[in-house]
Amino acid sequence: MNFEFTEEQKLFAEGVRKLGRAHLEKDALERAHDPRFPFEVARLMHAQGLMGITIPEADGGVGGTLMDAVIAIEQVAAVCPRSADVVQFGNFGPIRTFAEYATPAQKMRWLGDLLAGNTVISLGMTEPEAGSAVTDLVTSARADGSQLVINGTKVFSTFSPDAAIFLVYVRYGPGLGGIGSVIVERGTPGFTIGPPSRFMSGEEWSELHFENCRVPAENVLLGPGGFKKQIASFNVERLGNSARALALGRYAYDKARDYAATRRQFGRPLCEFQGLQWKFAEMAIKLEGAQLLLYRAASNADRALPSAYETAVAKAACNQVGFELAHEAVQTMGALGYSTDTLVEYCMRRCRGWMIAGGSIEMLKNRIAEHVFDRRFDQRPPKAQAAE
Ligand SMILES: Cc1cc2nc3c(=O)[nH]c(=O)nc-3n(C[C@H](O)[C@H](O)[C@H](O)COP(=O)(O)OP(=O)(O)OC[C@H]3O[C@@H](n4cnc5c(N)ncnc54)[C@H](O)[C@@H]3O)c2cc1C
């Protein structure tokens, strides 16, 4: 067991940090308050080999490991928290599911522009009546000759106001086996994108409406029975979510530590008050623990898909710790921490969302409990009760 980065990983981390300092740090505050996708950052990342890190070179990626992608998120977030979303987009989000399962023709058509930072993809999974219970989704895809006809509504899709293409979870038929996914392009007749709403983080999302929306059968990403594959690759998205949560928590923690070391009240620096020392000691313990869980899940996965259990443990820990650290950082920095002139309050708002997105902490704990007891706990009411 080795708790150190390899020489290669150290060099990679230093290189990414240097790039971030040179190109991203200056506008970090402004970028955090801009709800739209930062395409200029995506193009910069592409030029520097930070898009498609885990995607094979033959598909236009870098052919690296999931651990490299986690390192990239951490180093970018350390200087510009908002830009870490671009590393997520280019390596962990729906792009990764797409790259895993797309046909050569689909990759040829869409992957190049996504990796180059020219376009962005959004995930249409959640529906008004299917949140945590994602398999309750009702958006339908019915075959009609060489086309699919899609009907339904999706909500909360990240990057939806900017996305050129959407990876949409659909139902081809009843039950778990009836679920799969299709790619729908912005501008397809029958597909309307509602006006943007805002999350607490400032990010925007739009409702997606499909009304007899026709797409060619070549747009099928995964046919009936594809749900388990989608969720397996969604574990990658969860790790990116975990990495960002912890990295933003660390960002806020670092700012608060520097503040506590220099800010003087009652004639002495804040860090000389034991109440604050113990707060930081507790934060350090939580930070180190969550960091190891994240690295375990990422390094065990290498290039392939991470284990569902290790991912659930890492995400629950990183989401919780990231938020707690940012929350305590706001408190430590007083009114300055609560002000939008610093990024600490942004980190807190941002981390709060990841406790809900991509598998809420409660749903992850359900998954972990199943591992603990080595049995499945059905979340649905017993059939007789449900029928009442
Ligand atoms: C920042 C952000 C980004 C998002 N991005 C996307 C995206 O890109 N694409 C997309 O499709 N969706 C996205 N979502 C939606 C996200 O997937 C859902 O919010 C999530 O699945 C939870 O669904 P819900 O909000 O409907 O809550 P509900 O499912 O209604 O749950 C409400 C509460 O009850 C708890 N709960 C539910 N069931 C159980 C249970 N069995 N046991 C214990 N507790 C339970 C939940 O944990 C939650 O706290 C995003 C959400 C956020 C906040």
Side-chain angles (χ1 to χ4, degrees), residues 32 35 37 81-82 84-86 88-90 92-98 114 120-139 150 152-171 179 181-184 193-194 196-210 221 227 230-231 233-238 240-242 244-245 248 312 315-316 318-320 322-323 326 346-370 376-382 386:
F37 184 77
R82 170 71 168 141
D85 293 344
V86 178
Q88 169 81 10
F89 154 72
F92 294 88
I95 197 172
R96 186 65 167 68
T97 309
F98 178 79
L114 291 170
V120 63
I121 183 171
S122 178
L123 174 67
M125 175 179 67
T126 308
E127 298 183 359
E129 301 304 326
S132 302
V134 63
T135 54
D136 284 355
L137 69 90
V138 293
T139 296
I150 305 170
T153 297
K154 298 287 179 180
V155 288
F156 304 134
S157 296
T158 299
F159 304 141
S160 42
D162 292 305
I165 65 166
F166 295 79
L167 195 168
V168 184
Y169 280 32
V170 292
R171 178 170 289 294
I179 300 175
S181 51
V182 293
I183 301 297
V184 185
I193 301 173
S197 297
R198 272 199 182 196
F199 285 127
M200 180 199 276
S201 60
E203 273 185 300
E204 291 182 345
W205 63 273
S206 297
E207 273 198 14
L208 312 177
H209 299 284
F210 302 93
L221 183 69
F227 183 73
Q230 276 163 200
I231 288 299
S233 72
F234 196 63
N235 282 322
V236 177
E237 171 140 13
R238 286 180 169 162
N241 173 315
S242 315
R244 278 182 300 165
L248 265 62
K315 184 175 184 289
C318 292
N319 287 166
Q320 190 82 47
F323 176 73
Y346 167 78
C347 291
M348 185 187 78
R349 287 186 285 116
R350 200 78 176 82
C351 285
R352 190 65 190 83
W354 290 318
M355 297 164 88
I356 301 168
S360 67
I361 291 188
E362 292 81 8
M363 292 308 290
L364 296 169
K365 285 183 181 169
N366 291 341
R367 174 73 188 74
I368 295 165
E370 290 188 332
R376 189 162 183 279
F377 295 111
D378 198 339
Q379 301 301 308
R380 296 174 193 282

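Worth saying up front: this structure is predicted, and the values here are computed from it rather than measured. Sequential numbering from 1 along the given sequence is applied to the chain's residues. Atoms within each ligand, like the ligands themselves, are counted from 1 in listed order.
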query: What's the verdict on side chain to side chain contact (heavy atoms under 4.5 Å, CB included) for Phe98 and Ile183, showing C-alpha distance, side-chain angles and the deciding distance?
result: CA-CA 9 Å; Phe98 178 79; Ile183 301 297; 3.7 Å; yes

- prompt: What residues, two or more places apart in sequence or in another chain, satisfy side chain to side chain contact (heavy atoms under 4.5 Å, CB included) together with Tyr346?
  reply: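 Partners of Tyr346 by the side chain to side chain contact (heavy atoms under 4.5 Å, CB included) criterion, ordered by chain and then number, come out as Ala32, Pro81, Arg82, Asp85, Leu248, Leu343, Arg349, Arg350.
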
- request: Quick one: list whatever passes side chain to side chain contact (heavy atoms under 4.5 Å, CB included) with Ser160, sequence neighbours left out.
  value: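 Scan of Ser160 (side chain to side chain contact (heavy atoms under 4.5 Å, CB included), adjacent residues dropped) gives Ser122, Ser157, Phe166, Trp205, Ser206, Leu208.
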
message: Hydrogens and angles aside, do Arg380 and Thr135 bring a side-chain donor and acceptor to less than 3.5 Å of each other?
response: yes

Distances only, to 0.1 Å: what are the N or O pairs between ligand 1 and the protein that fall under 3.5 Å?
unit_1: ligand 1; atom_1: 5 (N); unit_2: Phe156; atom_2: O; d: 3.1
unit_1: ligand 1; atom_1: 5 (N); unit_2: Thr158; atom_2: OG1; d: 2.8
unit_1: ligand 1; atom_1: 8 (O); unit_2: Thr158; atom_2: N; d: 2.8
unit_1: ligand 1; atom_1: 8 (O); unit_2: Thr158; atom_2: OG1; d: 3.3
unit_1: ligand 1; atom_1: 9 (N); unit_2: Leu123; atom_2: O; d: 2.8
unit_1: ligand 1; atom_1: 11 (O); unit_2: Leu123; atom_2: O; d: 3.4
unit_1: ligand 1; atom_1: 11 (O); unit_2: Met125; atom_2: N; d: 2.9
unit_1: ligand 1; atom_1: 11 (O); unit_2: Thr126; atom_2: N; d: 2.7
unit_1: ligand 1; atom_1: 11 (O); unit_2: Thr126; atom_2: OG1; d: 3.2
unit_1: ligand 1; atom_1: 12 (N); unit_2: Thr126; atom_2: OG1; d: 2.8
unit_1: ligand 1; atom_1: 17 (O); unit_2: Thr126; atom_2: OG1; d: 3.1
unit_1: ligand 1; atom_1: 23 (O); unit_2: Ser132; atom_2: N; d: 3.4
unit_1: ligand 1; atom_1: 29 (O); unit_2: Ser132; atom_2: N; d: 2.8
unit_1: ligand 1; atom_1: 29 (O); unit_2: Ser132; atom_2: OG; d: 2.6
unit_1: ligand 1; atom_1: 41 (N); unit_2: Gln379; atom_2: OE1; d: 2.9
unit_1: ligand 1; atom_1: 42 (N); unit_2: Asn366; atom_2: ND2; d: 3.1
unit_1: ligand 1; atom_1: 47 (O); unit_2: Ser360; atom_2: OG; d: 2.6
unit_1: ligand 1; atom_1: 47 (O); unit_2: Glu362; atom_2: OE1; d: 2.8

- prompt: Taking only residues two or more places apart in sequence, or in another chain, which ones meet Thr126 in a side chain to side chain donor-acceptor pair (under 3.5 Å)?
  reply: none

message: For the CG atom of Asp136 and the CD1 atom of Ile179, what is their distance to the nearest 0.5 Å?
response: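 Going from CG on Asp136 over to CD1 on Ile179, the span is 8.5 Å.
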
